[in-house]
Amino acid sequence: MLGVLLLVFSLVALAHAELCRPDAQNAFKVRLSIKTALGDNAYAWDASEEYLFKAMVAFAMRRYSNKETTQISNVLLCNMTERVSFWFVVTDSSKNVTTVPGSEVEAAIRMNRNRINSAFLLTDNTLQFLKISSTLSPPIEPTVPVWLIVFSVVLCLVGAGILFLVLSGIRQRRKNNNESAENGDLEDKCDTPVTTENGIPCDILDLKTGRINGVYTADDERFTPL
Amino acid sequence: MEKSRPLWDNPLQFVFACISYAVGLGNVWRFPYLCQMYGGGGFLIPYIIMLIVEGMPLLFLELAVGQHMRQGSIGAWKIISPYLSGVGIASVVVSFFLSMYYNVINAWAFWYLFHSFQDPLPWASCPLNSNHTGYDEECEKTSSTQYFWYRKTLNISPSIEENGNIQWEQAVCLILAWLLVYLCILRGTESTGKVVYVTASLPYFVLIIYLIRGLTLHGAVNGLIYMFRPKIEQLANPKTWINAATQIFFSLGLGFGSLIAFASYNEPNNNCERHAIIISLINSSTSIFASIVTFSIYGFKATFNYENCISKAILLLTNYFDLEEGALTADNLDSMKDYLTSTYPNEYAALLPQIKNCSLEAELDTAVQGTGLAFIVYSEAIKNMEVSQLYSVLYFIMLLMLGIGSMLGNTAAILTPLTDSKFISTHLSKEMISGIVCFINCIVGLVFTMEAGNYWFDIFNDYAATLSLLLIVLVETIAVCYVYGLKRFEKDLHLMIGHKLNWYWKIMWAFASPVLIISLFVFYLTDYIRTGTLQYQAWDATQGQLVTKDYPSYALAVIGLLVAASTMCIPLGAFIIFIMKRLKRNVSTLE
């Protein structure tokens, strides 16, 4: 009796060893980078963590197929390394000693990737399923691109500035025209020739009003008033 | 009838305007490159020598001419000798070419500025490919910052022959840039004088902030040591001296007519000698200051990439050999590599091609200049800083201020002769002339927003102003010294600045500067002739890097046209005046 049991046991173990080995059919390699992800809060990888992993894979298979047939014992892990990397297969409990097709496992893991990641406090980069490519989430794009908003603001400011300057320039010129028209043509005629003194225009020397020569003003009293 | 000439409100506005014009993008993106290529700290020796021998005298000459003649470039040279009106026209033509392509840089600065308000920055990561399983192919081959520049900003085509469509985003930014320039020059010196307070001083605030931030970055010291370690042997290389002379020459913006235009709005007794010395000193010290900032940024970026490279190598080895996490560190990497080679020789040999040798020197050696430095290298460094949005906004506002400051000078060089001309100013108001000039430049500038636009930009950048300016300044110096007469000019200056001219200036103007410019001119010509066909760098999207290609014949024709259009004005102008005088003499002798 004991001998038969031993034989069966060893056969099962052998079969399992056959099913789960590196590069086996329908086997996937998993790599965890716990220290990279969590730093000081990193947990140690031990048998309990392995149990959790088996449970998560079983959960993923159940969710995917909507059957409640996959058990934790169906998930086999092997070739554990210090890196924390290992291979796993999912066996089919209904059929004898066969593995679930890789495509099903891949689809199941893909569907529940977020749940698996968060169970281990890891991300797609730090919990890697080597043959299963993860769907990267696209960045959130707002409905109106941000740059257009800022652009419109600056455009409106510059446009308003130009309009203001142009309009004030036109208004000032119109005022100048009106003033010179009011002052009459005589002043216009007087203003046209540029008075220069020694080659320098008078308006720079501020000589529009003429210069009073102090020698003559004092002699006003010499003349007898009429 | 003749209105008094508009003046600067005070001499400070004039100094700020000249600084704002001279301190431009070249100080930020060309000088650090030259420093790195030609001897590090040792490059300062030829740079300062050229500044004293070439920069200050020529700057003083242009400011003095403008202030004395009180006219834009065309009028000023006409007064010196009627045969030299071609020189003024050549200056205006060169300024016109420059303003056509220069504002595109401001458009790019606007584009990056508007995109800096996002979190995360759009050039921080690659976009996803179509089925969301990985990153975009082109972005994977190159880096995300290069991808953002070449694909998202320029949408560059593989060669200059394939023109592509006008990129509406760039076109819109270009229109905004021109509207901003129009706003600043609308009222002439009245508005320009106030704007230059901002455009001259704001870049310095940002540079100081970046200096403090840059020096405190991890790895900045590596860049600074690398830059300032003098390689004295480079002093024997003639290219070092030529590049120092060229950099001083173009950095001050001589020959465009902008300095003449700015000085023409001065009071007649303004001390332009002191201002010339101040402006050239500030320009050069800004270059050195900007290169300190640039090299601390370089050091940060190189150290970051080096450490990334090491981490990638560690990850690769850890994953391949299933070693414990943290077993390999940067320190024990080499010893562990030897251990692995001895323990697993076959596997290691298989892995060897994938492991890149990481070298800090190699990262620092990648010297970049021009738009590559400003938009790729800096944005790469910024994306790795904390609060990157703030630094990005500050940086691109600084680029914008530098660019707008230079544009103000360029447009002043075009507008001052136009508004001085009695024929034009009686028919059109100042605002209309500015508007028309801006509009024409904007329409032509749309060429640079096409997919091949960057290649045309490089053509204009490399060839529109280089040879012509050398010739213009040479003719200017010879004209003032020998045609107008150095003694006569000395007397005019004595009247203006109030004291006798120092002998140093006279020697520089009469002998040293013309000799220097002639040698630069000869060097450029021989360089062009020796290289034979001209080539350009084209972006290859499939490889994710730049490749060298030959210019097609019509591009070469455009280059020839650019150079000829400005240089031919000088002899043509003299010739036309000669013919006109002959005709007038014939007419008067007939009567």
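Protein chains get the first letters and strands the later ones, always in sequence-line order, with residue 1 at the start of each.
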Enclosure of B/Met432 CE (heavy-atom neighbours >12, cutoff 6.0 Å) = no
CZ/B/Phe117: more than 12 non-hydrogen atoms of other groups inside 6.0 Å | yes
Picking from B/Val172, B/Leu180, B/Asn129, which has the most non-hydrogen pairs under 4.5 angstrom with chain A?
-> B/Val172
In this structure, are over 12 heavy atoms from other groups packed under 6.0 Å from B/Phe439 atom CZ?
-> no
Using non-hydrogen atoms and a 4.5 Å limit, figure out which bit of B/Ser125 sits close to chain A: side chain, backbone, both or neither.
-> neither
Quick one: list whatever passes ring-ring contact (aromatic ring centres under 6.0 Å, His included) with B/Phe110, sequence neighbours left out.
-> B/Phe114
Kindly give the heavy-atom pair with the smallest separation between B/Arg187 and A/Gly169, and that separation in Å.
-> NH2-N, 3.1 Å
Side chain, backbone, both or neither: which part of B/Leu315 has a heavy atom under 4.5 Å from chain A?
-> side chain
Could you tell me which portion of A/Leu32 (side chain, backbone, both or neither) has an atom closer than 4.5 angstrom to a non-hydrogen atom of chain B?
-> backbone
Of the listed residues (A/Gln128, A/Arg173, A/Arg31), which shares the most heavy-atom pairs with chain B below a 4.5 Å separation?
-> A/Arg31
B/Glu169 vs A/Trp147 side-chain heavy atoms within contact, under 4.5 Å = yes
Per-residue contact mode, B/Leu323 against chain A (heavy atom under 4.5 angstrom) | backbone
The interface call for A/Ser152 against chain B, heavy-atom contacts under 4.5 Å, is neither
Atom CZ of A/Phe59: over 12 foreign heavy atoms under 6.0 Å | yes
Pick one of side chain, backbone, both or neither for A/Ser33, based on which atoms fall under 4.5 Å of a heavy atom in chain B.
-> both
Does atom CD of B/Glu140 have more than 12 heavy-atom neighbours from other groups under 6.0 Å away?
-> yes
Does the side-chain contact (heavy atoms from CB on, under 4.5 Å) test come out yes or no for B/Asp322 and A/Glu82, once each step is laid out?
-> CA-CA 7 Å; B/Asp322 282 322; A/Glu82 279 179 341; over 6 Å; no
Out of curiosity, A/Phe164 CZ to B/Leu183 CG, how far, rounded to the nearest 0.5 Å?
-> 11.0 Å
Give the member of A/Ile170, A/Ile162, A/Thr81 that has the highest number of heavy-atom pairs under 4.5 Å with chain B.
-> A/Ile162
Close approach to chain A in residues 189-197 of chain B, criterion heavy atom under 4.5 Å = none
Between B/Asn319 and chain A, which part of the residue has a heavy atom less than 4.5 Å away: side chain, backbone, both or neither?
-> both
